[in-house]
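Working notes, beginning with the structure itself.
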Amino acid sequence: MTRTAGYCKGCLNYVFDYETPKTLVISSIRVGCVFRFTQLLVVLFVVGYVCVVQKAYQETDNIISSVTTKVKGFAFTNTSDMDPRLWDVADYVIPPQGDHSFFVMTNMVVTPKQTQSRCPELPSPSTTCVDDCDCIEGHNDPRGSGIQTGLCVNYSSTVQTCEVLSWCPLEIEPELPKHALLSAAENFTVLIKNSVTYPKFKFYRRNILPHINSSYLKRCEFNRATDPHCPIFRLKHIVSEAGEEFQDMAVKGGILGIIIDWTCDLDPWAGKCYPKYSFRRLDNKHPVNNVAPGYNFRFAKYYKTPDGEETRTLIKAYGIRFDIIVFGTAGKFGIVPTIVNFGAALSFLSLVPVVCDWFILTCMKKRDFYSKHKTTYLNDDADPDSISMGTTYGTQ
Ligand SMILES: *[C@@H]1O[C@H](CO)[C@@H](O)[C@H](O)[C@H]1NC(C)=O
Ligand SMILES: *[C@@H]1O[C@H](CO)[C@@H](O)[C@H](O)[C@H]1NC(C)=O
Ligand SMILES: *[C@@H]1O[C@H](CO)[C@@H](O)[C@H](O)[C@H]1NC(C)=O
C-alpha cells in the first residue's frame, strides 16, 4: 500500500499536475508599446487584407453565360487564279454559327473539280518509284493522298510516282501568297451578344447595357477610350489590341481570345457592374519554335455533273478563330462569411501574448525577474507559507 503511494508520487507527478493561468501585470512602457503595436498590426491585417483586399465578408457566385455572334462585312477579290467575286458572311464564316467562337476565313487554297479516280501521288522520297515493283497495291499511308494501286506512273516528264486511288486531281499546296486573299476582313465587324447570370444573387445582365439604344447600336464601334460599352468590334481592332498585325495573322491563320470579364461587386455601395473586354492571341506564336504555325482546316462542297458524276471543290481554309471566353465571380455581403472570416482573422489576436512573452523573456533587462514570476509551482503537501517561484519542481 505504501509502496504504491510512493510510486504514484514519483512517476505520476506530471499526470496529476494541474496548470492554471495566472495574470501577471507588467507595468512597463516598452512592453506596453510592443503589446499595443502587435495588436494594431493584427487589426490592420483584419481590416486591410480581409475586408478591403479579399472582401472576405462576401458570399460569392460563379457566372453562367451564353454568347451569340454576328459578323458583318463584304470583300471583293479579283485575282488571276479565280473569277472576280464578292464574299459575304455566308462564304467566309465557317461554320455559320458556333458555340462561344466564330471563324473568319482570310486565306485559302482551292482545288476545284475533284472526282473519285486515279492519279499519280505528289512526289516525295517515299512515293517516287522506278517501276511497279516499288508500289504496293492497297498500301495506305496516312500521310499520303490515297490508296496505292500498285502502278508506277509519270507524274511529270522527269518524275515517276506511285499511282493512288483518291479525289483527283490532288491538292497541290503552293507557297501561300504574302497577302491574305480576303485582306478586307480587317474591316469586318462582329456583334457579340452576351447574357450572364449569377443565379445565387438573381442577377441578370446583357453586354448590351440598359443605356444603349438602337440608334447608338447601329453606328457605334468598340473603342476603349470613347465607346467602352459598344458590343460591336472591328476585327482589326481586336487583333491589334492583342498586339498582333491583322494582315500578318490573316496569311496563316491563328486563334484569338476575346475575354469578357464580369467580375462584380454587387453590394449596393459598390460601383456598377459592367463587362470589361480584353484581347489576346491564344495559339502559340513562338518566334523560334515556329514549325506548323497558324490555323487551317479543309472542307469541300459537293456537286453532280450533268452526266451524274460526283465532283467536289476542296477548300483548305486559313483564318482566324475568335474564341469568346466569359468569366467572372460576383460577391455580395453575407452574414455567414462575415462571422466566419472575422472570427478566423481575430483569432490572430491570440498570438499577441506569445509575441509579448517572447519580448519580455528575451529582450528586457529584467528578463530573469519576469521569468521567475511567470511560473509558480504550488505543492499541495508543502507548507502553505512557502511558495516557490521560477523553476517548476519546487519540493525543496
Ligand atoms: C512516261 O515518261 C517517259 C519519259 O518521259 C515516256 O517515255 C513514257 O512514254 C511516259 N509514259 C506515259 C504512260 O506517258
Ligand atoms: C479598311 O477601312 C479603312 C478605312 O475605313 C481603309 O482605309 C482600308 O483600306 C480598309 N482595309 C481594306 C483591306 O480594305
Ligand atoms: C440614344 O443614345 C444616345 C447616347 O447614348 C443619345 O445621344 C441619343 O439621343 C439616344 N437616342 C434616342 C432615340 O433615345
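As the structure lists them, so they are numbered: ligands from 1, and atoms in each ligand from 1. What you see is a predicted model, and the numbers here were worked out from it, not measured in a lab.
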message: Determine whether a donor-acceptor pair (N or O, by modelled atom type, separation under 3.5 Å) exists between the side chain of Asp283 and the backbone of Ile255.
response: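 Looks like yes, one N/O pair under 3.5 Å.
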
message: Can a donor-acceptor pair be found, under 3.5 Å and without considering hydrogens, that links the side chain of Thr106 to the backbone of Ala250?
response: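 Present.
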
query: Short list, please: which atoms of ligand 2 are under 4.0 Å from a heavy atom of Ser183?
result: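 Answer for ligand 2: 13 (C).
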
- request: Return the minimal non-hydrogen interatomic distance between Arg281 and Gly254, and the atom names on each side.
  value: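 Taking every non-hydrogen atom into account, NH2-CA, 3.9 Å.
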
message: On a heavy-atom basis, which atom in Phe201 and which in Glu59 lie closest, and how many Å separate them?
response: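 Residues Phe201 and Glu59, closest heavy atoms: CZ-O, 3.4 Å.
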
- request: Could you check atom 1 (C) of ligand 2 against the protein and tell me its nearest heavy-atom contact, residue, atom and distance included?
  value: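 Answer for atom 1 (C) of ligand 2: Asn187 ND2, 1.4 Å.
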
message: Quick test: of every protein heavy atom, which one is nearest to atom 11 (N) of ligand 1, and how far off is it to 0.1 Å?
response: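 Nearest protein contact, heavy atoms only, for atom 11 (N) of ligand 1 is Asn154 ND2, 2.9 Å.
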
task: Verify the contact flag for atom 3 (C) of ligand 2, where contact means a protein heavy atom under 4.0 Å away.
output: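 Under the 4.0 Å cut-off, atom 3 (C) of ligand 2 does have protein heavy-atom neighbours.
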
- request: Could you tell me whether atom 7 (O) of ligand 1 has at least one protein heavy atom nearer than 4.0 Å?
  value: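 Given the 4.0 Å cut-off, atom 7 (O) of ligand 1 does not count as touching protein heavy atoms.
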
message: Side chain, backbone, both or neither: which applies to Glu186 and ligand 2 if a contact is any heavy-atom pair less than 4.0 Å apart?
response: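 For Glu186, only side-chain atoms sit under 4.0 Å from ligand 2.
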
- prompt: Is the charged tip of Arg312 near the ring of Trp167: under 6.0 Å from the six-membered ring centre and within 45° of its axis?
  reply: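 Yes; both conditions hold, so Arg312 lies above the ring face of Trp167.
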
message: Need the ligand 1 atom indices (1-based, order shown) with element for anything under 4.0 Å from a heavy-atom of Ser157.
response: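 Here the atoms of ligand 1 in question are 5 (O).
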
query: So do the side chains of Lys70 and Val190 get within less than 4.5 Å of each other, counting heavy atoms only?
result: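 The answer is no; the side chains never approach within 4.5 Å.
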
query: Does any N or O atom in Gln247 lie less than 3.5 angstrom from one in ligand 2, N or O only?
result: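 Min N/O separation from ligand 2 is not below 3.5 Å for Gln247.
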
